[in-house]
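All remarks here apply to the structure that follows.
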Amino acid sequence: APDPNPDLYRLTVAEAITSGNPTAVLFATPAFCTSRTCGPSVDVLSALAKKYGGQMNFIHIEIYRSQEDFLAGRPVPEVQAWGLPSEPWLFLIDRQGRIAAKFEGGLTRQELEPALVKLIQGS
């Protein structure tokens, strides 16, 4: 992104899931996304992080570290560790570190915000 939100990169997934707060983890690569939904998905996550950042963690993981990695088809190790066949993917993780919901493809605030509120409320 031309102006990335630094709050999306301040925690590792391990730090986030042991923090006691719910966590949203988005795997997306705006610059190299084949579906053209990654950039808008990161924008949605960033907007929700501004609204709910005090109540939960938000993390964006780039799929590729560089254009060279993209061209060679070498995603970051986390993509393989999570078994992701495509992008973007968003995972919502509860306070106990369990995956509570997952979304594949482009995200909208309308579909994601109710799931975040439910996760924050613990229901």
Side-chain angles (χ1 to χ4, degrees):
D3 188 25
N5 178 350
D7 289 337
L8 301 180
Y9 309 99
R10 64 181 175 81
L11 294 173
T12 66
V13 173
E15 291 168 340
I17 63 173
T18 60
S19 72
N21 288 329
T23 300
V25 179
L26 175 64
F27 291 86
T29 185
F32 307 115
C33 192
T34 56
S35 67
R36 299 212 174 278
T37 60
C38 296
S41 295
V42 174
D43 292 343
V44 167
L45 188 73
S46 186
L48 290 168
K50 288 179 183 173
K51 183 172 181 178
Y52 297 104
Q55 301 171 68
M56 66 180 291
N57 305 309
F58 292 85
I59 298 173
H60 169 229
I61 298 175
E62 278 284 345
I63 303 295
Y64 300 101
R65 295 191 201 283
S66 67
Q67 184 173 7
E68 179 182 304
D69 286 344
F70 168 70
L71 293 172
R74 283 189 306 264
V76 296
E78 293 85 354
V79 170
Q80 292 175 338
W82 286 62
L84 302 179
S86 60
E87 56 161 325
W89 277 90
L90 176 87
F91 294 88
L92 298 181
I93 303 169
D94 68 16
R95 294 177 194 282
Q96 290 74 42
R98 294 183 301 247
I99 295 174
K102 59 185 175 181
F103 300 82
E104 179 184 13
L107 303 170
T108 66
R109 189 172 181 151
Q110 293 76 20
E111 73 177 324
L112 188 54
E113 193 162 15
L116 293 185
V117 170
K118 183 177 176 182
L119 190 63
I120 289 167
Q121 293 173 346
S123 52

Residues 69-77, side-chain donor-acceptor partners within the protein, below 3.5 Å, at least two apart:
{"unit_1": "Asp69", "atom_1": "OD1", "unit_2": "Arg74", "atom_2": "NE", "d": "3.1"}
{"unit_1": "Asp69", "atom_1": "OD1", "unit_2": "Arg74", "atom_2": "NH2", "d": "2.9"}
{"unit_1": "Arg74", "atom_1": "NH2", "unit_2": "Glu68", "atom_2": "OE2", "d": "3.3"}

Open item on the list: What I'd like to find out is whether the side chain of Leu107 reaches to under 4.5 Å of the side chain of Pro88, using heavy atoms alone.
Closed with: no
TODO: Just do the side chain to side chain contact (heavy atoms under 4.5 Å, CB included) check on Val13 and Phe91 with the steps written out, would you?
DONE: CA-CA 11 Å; Val13 173; Phe91 294 88; over 6 Å; no
TODO: Using the rule that two of Ile, Leu, Val, Met, Phe, Trp, Tyr join whenever any of their side-chain heavy atoms come within less than 4.5 Å, decide whether Val25 and Tyr9 are in one cluster.
DONE: no
TODO: May I ask you to decide if Ala16's main-chain N or O and Ser19's side chain share a donor-acceptor pair within less than 3.5 Å?
DONE: yes
Open item on the list: Taking atom CD as the centre, does Gln67 end up with more than 12 heavy-atom neighbours from other residues, nucleotides or ligands that are less than 6.0 angstrom away?
Closed with: no
Task: Closest non-hydrogen atom pair between Thr23 and Ile17, with its separation - done: OG1-N, 4.2 Å
Open item on the list: For Tyr52, is there any backbone N or O sitting under 3.5 Å from a side-chain donor or acceptor partner on Gln55?
Closed with: no
Task: Interatomic distance, Trp89 atom CH2 to Ile61 atom CD1 [nearest 0.5 angstrom] - done: 14.5 Å
Task: Point-to-point distance, once rounded to the nearest 0.5 Å, from CG of Leu119 to CD1 of Ile93 - done: 9.0 Å
TODO: Mind checking the OG-CZ spacing from Ser86 to Phe27? Nearest 0.5 Å is all I need.
DONE: 12.0 Å
Task: Heavy-atom check, side chain of Leu84 versus side chain of Glu78, under 4.5 Å - done: no
Open item on the list: Show every salt bridge (Lys or Arg N to Asp or Glu O under 4.0 Å) that has at least one partner inside residues 94-108, sequence neighbours left out.
Closed with: Asp94-Arg98
Task: Student check: side-chain heavy atoms of His60 and Pro30 closer than 4.5 Å - done: yes
Open item on the list: As an exercise, state the distance from CG of Leu116 to CE of Met56, rounded to the nearest 0.5 Å.
Closed with: 5.0 Å
TODO: With rounding to the nearest 0.5 Å, note down the distance linking CD in Glu87 to OG in Ser35.
DONE: 6.0 Å
Open item on the list: Starting from Leu90, can I reach Val117 by hopping between I/L/V/M/F/W/Y residues whose side chains sit under 4.5 Å apart?
Closed with: yes
- [ ] Answer whether the closest heavy-atom distance between the side chains of Leu8 and Leu26 falls below 4.5 Å.
- [x] no
- [ ] Return the minimal non-hydrogen interatomic distance between Ala24 and Leu45, and the atom names on each side.
- [x] CB-CD1, 4.0 Å
Task: Atom pair CG (Asn5) and NZ (Lys50), whose distance is rounded to the nearest 0.5 Å - done: 6.0 Å
Open item on the list: So which atom in Gly106 and which in Ser41 form the shortest heavy-atom distance, rounded to 0.1 Å?
Closed with: CA-OG, 3.5 Å
Open item on the list: Just so I know, are the side chains of Phe58 and Leu48 near enough to count as touching, which here means a heavy-atom distance under 4.5 Å?
Closed with: yes
Task: Taking every non-hydrogen atom, the tightest pair across Glu15 and Arg10 - done: OE1-O, 4.0 Å
Task: ILVMFWY cluster, Phe32 and Val79 together (side-chain gap under 4.5 Å) - done: yes
